[in-house]
Amino acid sequence: MAKIFQVTARAGMTRVVEPVARGLLRAGVSPNAVTVTGTLGVLVGALGFGARGDLVAGALIVTVFALTDLLDGTMARMSGGSTRFGAFLDSSMDRIADSAVFGAVAYWLATEGNHSGVAAALLCLAAGGLVSYVKARAEGLGMTCNVGIAERTERLLIVGVGGLLTGLGVDPALEIALWLLAAVSIFTVGQRMAHVYRQAQRVGQE
């Protein structure tokens, strides 16, 4: 059910993103430029607003710029496919942005004395890195790893909604979102490791 919802949501976003992607390509904007711009926007939202406790502005800015993760990929596909450097840049910028988001959240929660929330934020940061690493390592070994219920865009949207609700006065929303995100991220790591294990077993039997 989660995967069906995920695919449906992404299909809906694609219908919105594709016209924007075409317009940017016609204007001479490269996918790599969008990747870097998206990361800079996330840094501004996370470090400039979220870390200071301005959670509404921070969540909105981070969410908007996190969606460029769909935009640059669409642009790359429309322009003939991602280059090796483009794929490397995208992955590297994603790790920078994720570190900024969860680092800023952990910092703000620490200033508020919310040690449980800090633990959840750090766990999200570690588990999110593992989600990406397991996929990259599997693909480096010649296997696929396109499974999991909590990919990067979904992870940032979850923490963004939690931050927005907390900023609007629903105090426990961010901490709840972080623990939920930590749980689904760890589950996704398990999904991906199991998926790679099954592939490795099949290869060993051939």
Side-chain angles (χ1 to χ4, degrees), residues 1-10 13 35 38-39 42-43 45-47 50-51 55 58-59 61-70 73 87 90-110 114-141 143-167 170 172-200:
M1 182 62 72
K3 196 67 177 178
I4 293 173
F5 174 78
Q6 185 182 62
V7 170
T8 302
R10 282 181 175 269
M13 286 301 302
T35 298
T39 300
V42 170
L43 292 176
L47 303 178
L55 299 183
I61 293 170
V62 167
T63 300
V64 168
F65 281 97
L67 292 176
T68 61
D69 202 39
L70 299 176
D90 184 62
S91 180
S92 299
M93 292 296 102
D94 285 351
R95 302 293 77 73
I96 292 171
D98 290 356
S99 298
V101 168
F102 292 103
V105 168
Y107 173 82
W108 178 75
L109 289 169
N114 188 338
H115 302 301
S116 174
V118 172
L122 295 177
L123 187 56
C124 286
L125 179 58
L130 276 173
V131 168
S132 301
Y133 174 78
V134 169
K135 180 177 180 178
R137 184 59 176 150
E139 291 176 344
L141 293 172
M143 293 180 279
T144 62
C145 197
N146 296 315
V147 298
I149 62 173
E151 297 188 12
R152 180 175 182 264
T153 301
E154 288 77 17
R155 295 198 304 271
L156 290 181
L157 287 175
I158 289 172
V159 73
V161 169
L164 180 62
L165 291 175
T166 294
V170 186
L174 179 56
E175 184 177 351
I176 291 171
L178 288 170
W179 281 114
L180 172 63
L181 180 55
V184 297
S185 296
I186 292 170
F187 183 75
T188 298
V189 172
Q191 279 185 299
R192 291 188 167 183
M193 293 184 72
H195 181 72
V196 172
Y197 174 77
R198 287 192 293 270
Q199 289 181 77

Measure the shortest side-chain to side-chain distance between Ser132 and Arg95 over non-hydrogen atoms and say whether it is less than 4.5 angstrom.
yes
Could you tell me which non-hydrogen atom of Gly50 sits nearest to which non-hydrogen atom of Leu55, and how far apart they are?
O-CD2, 3.8 Å
Of all heavy-atom pairs linking Ala97 and Val42, the shortest is CB-CG1, 3.8 Å
To the nearest 0.5 Å, what is the distance between CZ (Phe102) and CG (Leu109)?
11.5 Å
Does any part of the side chain of Asn146, heavy atoms only, come nearer than 4.5 Å to the side chain of Lys135, both counted from C-beta?
yes
For the pair Thr188 and Arg155, evaluate side chain to side chain contact (heavy atoms under 4.5 Å, CB included) and give the outcome as yes or no after the intermediate values.
CA-CA 11 Å; Thr188 298; Arg155 295 198 304 271; 5.9 Å; no
Closest non-hydrogen atom pair, Ile149 against Gln191:
N-OE1, 3.1 Å
Pair Leu181-Glu154, side chain to side chain contact (heavy atoms under 4.5 Å, CB included): steps then yes or no
CA-CA 9 Å; Leu181 180 55; Glu154 288 77 17; over 6 Å; no
Using side chain to side chain contact (heavy atoms under 4.5 Å, CB included), reason through Ser99 and Leu125 one step at a time and then give a plain yes or no.
CA-CA 7 Å; Ser99 298; Leu125 179 58; 4.1 Å; yes
How far apart are the closest heavy atoms of Cys145 and Val134, and which atoms are they?
SG-CG1, 4.2 Å
How long is the gap from CG on Leu157 to CG on Leu164, to the nearest 0.5 Å?
11.5 Å
Reported CG-to-CG distance for the pair Leu156 and Leu67, which is rounded to 0.5 angstrom:
9.0 Å
Taking all non-hydrogen atoms of both residues, which atom of Ala100 and which atom of Leu43 are closest, and how far apart?
CB-CD2, 3.2 Å
Do we see a donor-acceptor contact under 3.5 Å between the side chains of Glu139 and Thr144?
no
Taking the side chain as every heavy atom from C-beta outward, state whether Trp108 and Asn114 have any pair of such atoms under 4.5 Å apart.
no
Would you say the side chains of His195 and Gln199 form a donor-acceptor pair under 3.5 Å?
yes
Shortest non-hydrogen contact between Gly163 and Ala59, atoms and distance:
C-CB, 4.2 Å
Can you tell if the side chain of Leu123 reaches within under 4.5 Å of the side chain of Trp179, non-hydrogen atoms only?
yes
Would a 4.5 Å heavy-atom cut-off, applied to side chains only, mark Arg192 and Arg137 as touching?
no
Taking side chain as C-beta onward, heavy atoms only, is Leu178 less than 4.5 Å from Val159?
yes
Separation between CG (Asp94) and CG (Asp69), nearest 0.5 Å, reads 4.5 Å
Stepwise side chain to side chain contact (heavy atoms under 4.5 Å, CB included) test for Leu174 and Leu165
CA-CA 7 Å; Leu174 179 56; Leu165 291 175; over 6 Å; no
